[in-house]
Amino acid sequence: MTEFLVANFAPIMFCGLILFLLMGYSLAFSLGACGLFFGWLAVWAGVPGMESLLNALPLRIIGILKNDTLLAIPFFTFMGLILERSGMAEDLLETIGQVFGAVRGGLAFAVILVGSLLAATTGVVAASVISMALISLPIMLRYGYDRRLASGAIIASGTLAQIVPPSLVLIVIADQVGRSVGDLYRGALMPAMALIGLYVLWILIVTIIKPKLAPALPVEARVFRDEKGHSGYTSLWILIAVSTAGAILYAKTQLSGQSLDNVVVLSMAVGIGIAFVLALINRVLGLLTQGKISLLSKMAQQVTFVLIPPLALIFLVLGTIFLGWATPTEGGAMGAVGALVLALARRRLGLEQLKQAMEATLKLSSFVMFILIGATVFSLSFQGVDGPEWIHSMFSLIPGGMIGFLIFVNLLVFILGFFLDFFEISFIVIPLLIPVAAALNIDLVWLGVMLAMNLQTSFLTPPVGFSLFYYRSVAPVKAYLDRITRKEIAPVATVEIYRGVIPFIIIQAIMIGMIIAFPQLVTGNLDKKADVDLNTIEINVPSGYGAGAYSNDPPKAEEDPIMKSLKENN
């Protein structure tokens, strides 16, 4: 019996974990209890080295508590919760909806773009989905949007917080794969932008094929008009052109020779600064002349002042990370402070809201820490019973080499995403995949971004996608009377929600396939380090002392005092 136990310890331990979970215990304590129990059992069975590994467990736990990277999780969580309560999402949706309101599908385009901005500032899926649904869904239903299209756009755009930096998923995955959070952020940037582009393209196709599903806003609903009835689009386009020209001029004159990251981030910051200064001058002139002199239209000024705060916060968080001015943890700290400043400036943050945000941050951070400690206990015992070798032998049976491995892993993570949270998948599954991926020479940043995109897909997938639950909790389940039109609005059925997200699931599956087929989407944005041939390195050490030893021209051999002394002695 003991021999059978020792020979099959790894699969028995893995099945034991599944049994613990099926019994209804929480994941963190199931992992810890399973690890300690089977660790003790392995010591009793005489598994070599197990006792030494368990003795190292306190040091591993202390190492987790000292991990500076994990500090980014409470910082970004707190930032997202504060922004959720500051009314920024509401202002963004109202303003961007007015900008795109004149075109078919304008509100859907606004939802996608605002969801992208919220994802880049909050990084919290639940906050993004709930905020977008509460604010934009009543407006979309009021003006005749198809419920399936509206639901799919809101849920998909809110779930962008999974992949758009500063995503909490990327922070956790970076810690598990042993790569820097900055590398994961850079690697995820291009796939995230491509995914947003595909969402917008799908909305555009729908508006062309079936325009009745996404009508334009009626004229009376477009509020950003001046006294003469002008929409203000001309002024907005001129402002965008001037800001873009200033950014390009700055990039060409001041940023030549710098990396692409630096050029993009700094030139965008300059362009945004130009727009803000012009809007500020316009407001001052309007106050001094009582509105008689105006450089910008009402729409251009409103768009500038509403977009500047989130864009400034994105630069404060992501820009400083990409430029190398701050670590992700420092960027998260600055983002949290920036969110507090924005909320206080809007006078929408009281002590009660601050207390709620701090409590929610504490709960999520404690949840993550307990899972990580439990996963460490489990993985330590699992390594002691040669679990990685068992996992490697299982994956070696998969045909197709690296491509077969990637397809199998994505299917596995996709299915697990139906039942487990991304934290749980990251702490349980990813550590088991890393040794196999390393043996196949798979870039771990590429794999991490791919898994993050896959986890986002699982958030959308019926019937148990987490984003679907967030949306269902706030979508109307009964008919109600619209407060503006005074018309009865029908409820949103669960079947309509499921059908609405299917096109976006297909888009994300296509995006995963593109990441597998074109790894440069991820790796192309990483810093390239020049290869160094050690055989070509020369180290010139000047001989002698005094001024000659530190001058540009080393002293000649016959002038060297040591050589001269040797010659005289000989």
Side-chain angles (χ1 to χ4, degrees), residues 76-77 80 83-84 89 92-93 108-137 140 148-173 188-189 191-203 364 410 413-414 416-426 449-475 492 497-512 515:
F76 285 126
T77 304
L83 289 176
E84 179 192 357
L92 279 171
L93 278 169
F109 291 131
V111 164
I112 299 296
L113 295 179
V114 173
S116 306
L117 288 174
L118 290 179
T121 50
T122 64
V124 181
V125 173
S128 296
V129 173
I130 292 174
S131 298
M132 299 278 286
L134 287 174
I135 299 166
S136 61
L137 182 60
M140 299 176 84
R148 294 167 298 177
L149 180 63
S151 300
I154 292 171
I155 296 172
S157 61
T159 313
L160 285 171
Q162 287 282 97
I163 190 65
V164 176
S167 164
L168 297 182
V169 181
L170 296 174
I171 296 174
V172 174
I173 291 178
L189 190 60
M193 298 299 291
L195 182 64
I196 294 168
L198 290 176
Y199 283 174
V200 173
L201 180 61
W202 167 247
I203 300 296
L364 180 62
N410 278 285
V413 172
F414 180 76
L416 289 176
F418 292 172
F419 313 105
L420 300 177
D421 189 78
F422 72 88
F423 284 122
E424 299 164 353
I425 294 176
S426 300
V449 172
M450 190 188 309
L451 294 178
M453 185 70 72
N454 196 327
L455 288 170
Q456 179 176 337
T457 306
S458 67
F459 262 66
L460 297 176
T461 307
V464 289
F466 287 98
S467 293
L468 304 179
F469 291 135
Y470 301 146
Y471 181 81
R472 177 72 278 178
S473 67
V474 294
V492 178
I497 298 175
Y498 290 171
R499 293 177 64 184
V501 297
I502 289 175
F504 295 94
I505 295 172
I506 295 173
I507 290 173
Q508 294 206 186
I510 293 172
M511 195 65 232
I512 294 173
I515 293 175

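Annotation: side-chain hydrogen bond (donor to acceptor under 3.5 Å, both in side chains) contacts of Gln456 (sequence neighbours excluded): Gln508. Remark: Ser467 engages Thr159 in a side-chain hydrogen bond (donor to acceptor under 3.5 Å, both in side chains) (not counting sequence neighbours). Taking Arg472 as the reference, Thr494 meet the side-chain hydrogen bond (donor to acceptor under 3.5 Å, both in side chains) condition, with sequence neighbours excluded. The side chain to side chain contact (heavy atoms under 4.5 Å, CB included) check on Ala192 picks up Ile163, Val164, with sequence neighbours excluded. In this structure Ser151 satisfies the side-chain hydrogen bond (donor to acceptor under 3.5 Å, both in side chains) test together with Tyr471, sequence neighbours excluded.
The shortest heavy-atom contact between Ile203 and Ala108 is CG2-CB, 3.7 Å. The two residues Thr457 and Thr461 make their nearest non-hydrogen contact at O-OG1, 2.8 Å. Across every non-hydrogen atom of Ala452 and Val169, the tightest pair is CB-CG1, 4.1 Å. Met511 and Leu198 get closest at one heavy-atom pair: SD-CD1, 4.1 Å.
Between Ile497 atom CD1 and Arg148 atom CZ the span is 13.0 Å, to the nearest 0.5 Å. Interatomic distance, Leu201 CG to Ile112 CD1, rounded to the nearest 0.5 Å: 11.5 Å. Within the model, atoms CG of Leu468 and CD1 of Ile155 stand 5.0 Å from one another, a figure rounded to the nearest 0.5 Å. Separation of atoms CH2 (Trp202) and CD1 (Ile507) is listed at 7.0 Å; rounding is to 0.5 Å. The OG1 atom of Thr77 sits 7.5 Å away from atom CD1 of Ile171, with the distance rounded to the nearest 0.5 Å. Taken to the nearest 0.5 Å, the CG atom of Leu149 stands 6.0 Å off from the CZ atom of Phe504.
Ile135 has its side chain out of reach of Val114: every pair of non-hydrogen atoms, C-beta onward, lies at least 4.5 Å apart.
Within the structure, the salt bridge (charged side-chain N to carboxylate O under 4.0 Å, His left out) test picks out no pair touching residues 462-471 (sequence neighbours left out).
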Exercise for the section: Carefully, step by step, assess Tyr199 and Leu160 under the rule side chain to side chain contact (heavy atoms under 4.5 Å, CB included). Expected result: CA-CA 11 Å; Tyr199 283 174; Leu160 285 171; 3.8 Å; yes
Practice task
Run the numbers on Val474 and Leu137 for side chain to side chain contact (heavy atoms under 4.5 Å, CB included), then give the verdict.
Solution key: CA-CA 10 Å; Val474 294; Leu137 182 60; over 6 Å; no
